[in-house]
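So the structure is just underneath, and the comments pick up after that.
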Amino acid sequence: DYAYEVFKLAIYYNSALTAIELTGGYGEAVMLKMRQDYCYWNLFRDEANHAQVEHGMDSRYGVETNMRTKPFMVAALQQFVKDRAIEIPCEATISEMVAFEQERTKLTTRYRGVGGAHDDRVMSLVIGASVALTSQVIDFVESAKVEPVDIKQKYEGEWLKIHQEISDDG
């Protein structure tokens with residue numbers, strides 16, 4: 001059911017690039033459904049995984065968040081904030097960012113909310129920042145010049161049904 005909602009949102013937002021977090025249990029099922037059942041075409045593929053390149057493997061769909069990937073991802077968001085390249089108008093997200101910590105131990109570094117505080121909003125921004133840095137560049141100025149399209153003319157059949165369902169929900 002969640003994959004269908006992700007699919008509808010991606011379609012609604014002009015075939016948006018969809019970056020599904022695989023870590024944590026649910027992402028694999030959502031990714032399979034998006035690829036196999038809905039044949040969604042704009043899924044993020046991590047081409048920065050050097051281990052896969054060395055072994056001649058295809059890049060993997062989705063985003064892994066683990067000890068190896070998080071330092072780069074967190075640094076990406078830190079740089080976006082430092083450069084004022086991102087605007088965060090949500091107080092709850094800012095509160096989570098304030099309570100987000102880097103904890104170093106002898107063996108590893110962990111990124112999480114202080115004292116078990118929530119970090120879901122922060123992690124979604126962390127993922128978004130890293131995907132923005134590693135995915136294809138989009139010319140937002142040119143994208144903004146696109147004329148609005150009559151949905152009924154552009155989409156037929158199942159696509160029209162999905163757009164109508166989204167419009168009815170919102």
Side-chain angles (χ1 to χ4, degrees), residues 1-49 58-66 69-70 72-74 76-81 85-97 100 111-113 117-170:
D1 292 342
Y2 186 66
Y4 185 61
E5 297 304 315
V6 171
F7 178 69
K8 289 190 312 186
L9 284 167
I11 297 298
Y12 182 78
Y13 286 101
N14 301 314
S15 300
L17 175 64
T18 305
I20 298 171
E21 182 182 12
L22 302 173
T23 312
Y26 298 108
E28 291 282 348
V30 172
M31 182 59 71
L32 281 172
K33 196 98 170 147
M34 291 287 286
R35 285 185 63 208
Q36 294 175 357
D37 292 0
Y38 303 129
C39 301
Y40 190 67
W41 52 92
N42 201 8
L43 297 168
F44 176 75
R45 291 176 78 152
D46 186 5
E47 308 217 359
N49 187 338
D58 195 11
S59 55
R60 184 171 184 178
Y61 287 98
V63 178
E64 294 279 354
T65 53
N66 55 45
T69 62
K70 278 188 182 179
F72 165 77
M73 298 169 93
V74 170
L77 179 59
Q78 288 172 332
Q79 193 65 45
F80 274 48
V81 171
I86 186 171
E87 185 176 323
I88 305 167
C90 174
E91 288 183 36
T93 301
I94 293 169
S95 295
E96 277 190 21
M97 290 175 75
F100 193 73
Y111 297 91
R112 63 181 181 179
H118 291 285
D119 67 357
D120 296 330
R121 289 180 176 96
V122 176
M123 285 309 301
S124 67
L125 278 175
V126 163
I127 291 168
S130 69
V131 167
L133 286 178
T134 59
S135 64
Q136 296 176 352
V137 176
I138 298 171
D139 187 344
F140 291 103
V141 174
E142 287 302 315
S143 298
K145 294 178 183 175
V146 175
E147 294 294 321
V149 175
D150 179 13
I151 297 297
K152 289 183 181 176
Q153 284 181 340
K154 185 172 181 181
Y155 300 105
E156 297 177 9
E158 190 65 25
W159 299 115
L160 180 58
K161 181 180 162 191
I162 289 169
H163 271 277
Q164 287 172 336
E165 185 178 327
I166 291 169
S167 297
D168 292 344
D169 289 348

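When reading the values below, keep in mind they use all heavy atoms of this one structure, side chains included, and skip hydrogens, waters and symmetry mates.
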Smallest heavy-atom separation, Val131 atom then Phe44 atom, equals CG1-CD1, 3.7 Å
Smallest heavy-atom separation, Leu17 atom then Asn42 atom, equals N-ND2, 3.3 Å
Are any non-hydrogen side-chain atoms of Val126 and Lys70 less than 4.5 angstrom apart?
-> no
Within 6.0 Å of CZ in Arg112, more than 12 heavy atoms from elsewhere = yes
Here the pair of heavy atoms bringing Gly62 nearest to Asp46 is O-CB, 4.0 Å
Kindly compute the distance separating CG (Leu32) from OH (Tyr61), expressed to the nearest 0.5 Å.
-> 11.5 Å
Would you call Val74 and Phe100 a side-chain contact if the rule is heavy atoms closer than 4.5 Å?
-> yes
Given side chain to side chain contact (heavy atoms under 4.5 Å, CB included), test Arg60 with Leu22 step by step and report yes or no.
-> CA-CA 10 Å; Arg60 184 171 184 178; Leu22 302 173; 3.4 Å; yes
Derivation of the side chain to side chain contact (heavy atoms under 4.5 Å, CB included) call for Phe72 and Thr134 = CA-CA 11 Å; Phe72 165 77; Thr134 59; 3.9 Å; yes
Between OG of Ser95 and NE2 of His118, what distance do you get to the nearest 0.5 Å?
-> 12.0 Å
Here the pair of heavy atoms bringing Met73 nearest to Ser130 is CE-OG, 3.4 Å
Nearest heavy-atom approach of Thr18 to Tyr40 is OG1-CE2, 3.4 Å
Could you tell me how the ring of Trp41 sits relative to the ring of Phe7: parallel (under 30°), tilted (30 to 60°) or perpendicular (over 60°)?
-> perpendicular
Spatial distance of atom CD1 (Ile20) from atom CD (Glu28) [nearest 0.5 Å] = 10.0 Å
d(Tyr38 OH, Lys8 NZ) to nearest 0.5 Å is 9.5 Å
Donor on one side chain, acceptor on other, Thr65 and Glu21, under 3.5 Å | yes
Do any N or O atoms from the side chain of Glu96 and from the backbone of Asp120 form a donor-acceptor pair under 3.5 angstrom?
-> yes
Walk me through it: do Leu9 and Val6 pass the test side chain to side chain contact (heavy atoms under 4.5 Å, CB included)?
-> CA-CA 5 Å; Leu9 284 167; Val6 171; 5.9 Å; no
Under the side chain to side chain contact (heavy atoms under 4.5 Å, CB included) rule, what do Tyr4 and Asp37 come out as? Steps first, then yes or no, please.
-> CA-CA 10 Å; Tyr4 185 61; Asp37 292 0; over 6 Å; no
In this structure, CD1 of Ile88 is separated from CZ of Arg121 (nearest 0.5 Å) by 12.0 Å
So with a 6.0 Å cut-off around CG of Asp1, is the heavy-atom count from everything else above 12?
-> no
Interatomic distance, Ile127 atom CD1 to Leu77 atom CG [nearest 0.5 angstrom] | 11.0 Å
Which atoms form the tightest heavy-atom contact between Val30 and Tyr2, and what is the distance?
-> CG2-CD2, 3.6 Å
